[in-house]
Amino acid sequence: DANGILNVSAKDKATNREQQITIESSSGLSDADIQNAIKDAEKYADEDKQRKDLIDVKNEAESTIHLTEKAISDLGEGADANEKSEAEAEISELKSAIQQDNLDDMKSKLD
């Protein structure tokens, strides 16, 4: 139930014998410990959100780099030299932003 207590009973119909067991949560956390954990979670929620945003943008940037490098590789000699060098320069700048964990720089380079 909501309190973390589970009551189970079983009855053997042939012998009419019944057994019961109660299972309680054994986390070992007091109410004060739980409240402290909740406060810590609320306290660090903004930091966690910022870190998640950074990771999401970083993943998008790395994916974009991979796809762009693959496209350049697939085109081979058929790629326009100016466009290829421009794309490689942008890839280099994006890689630099990733290494520095610069969220705003990564976002601007992805746009």
Quick one: hydrophobic cluster around L94, which other residues, with the 4.5 Å side-chain cut-off, linked directly or via members?
L54, V57, I65, I72, I91, I98, L103, M106, L110
In the hydrophobic clustering that connects Ile, Leu, Val, Met, Phe, Trp and Tyr at side-chain heavy-atom distances below 4.5 Å, which members other than I55 occupy its cluster, ordered by chain and number?
none
Side chain to side chain donor-acceptor pair (under 3.5 Å) involving D33 - partner list, sequence neighbours excluded
S30
Is there any salt bridge (Lys or Arg N to Asp or Glu O under 4.0 Å) pair reaching into residues 53-67, and which pairs are they, with sequence neighbours excluded?
K49-D53, K52-D56, K58-D101
How long is the straight-line distance from OG1 of T64 back to NZ of K109, given to the nearest 0.5 Å?
13.5 Å
Using modelled atom types only, decide if a donor and an acceptor are shared between the side chain of S85 and the backbone of A81 within a distance under 3.5 Å.
yes
Can you sort out the partners of E42 under side-chain contact (heavy atoms from CB on, under 4.5 Å), two or more places apart, ordered by chain and number?
I38
Q99: what forms a side-chain contact (heavy atoms from CB on, under 4.5 Å) with it, not counting sequence neighbours?
none
What residues form a side chain to side chain donor-acceptor pair (under 3.5 Å) with D74, not counting sequence neighbours?
K70
Atom pair CD1 (I5) and CD1 (I23), whose distance is rounded to the nearest 0.5 Å:
11.5 Å
Any idea which heavy atoms bring D105 and N102 closest together, and the distance?
N-OD1, 3.0 Å
E83 meets the salt bridge (charged side-chain N to carboxylate O under 4.0 Å, His left out) criterion, sequence neighbours left out, with none
With sequence neighbours left out, the residues meeting side-chain contact (heavy atoms from CB on, under 4.5 Å) with E18 are S9, K11, Q20
What residues form a side chain to side chain donor-acceptor pair (under 3.5 Å) with D80, not counting sequence neighbours?
none
Only counting residues at least two apart or in another chain, list the ones meeting side-chain contact (heavy atoms from CB on, under 4.5 Å) with D12.
A14, T15
Can you list everything that forms a side chain to side chain donor-acceptor pair (under 3.5 Å) with K84? Sequence neighbours excluded, please.
none
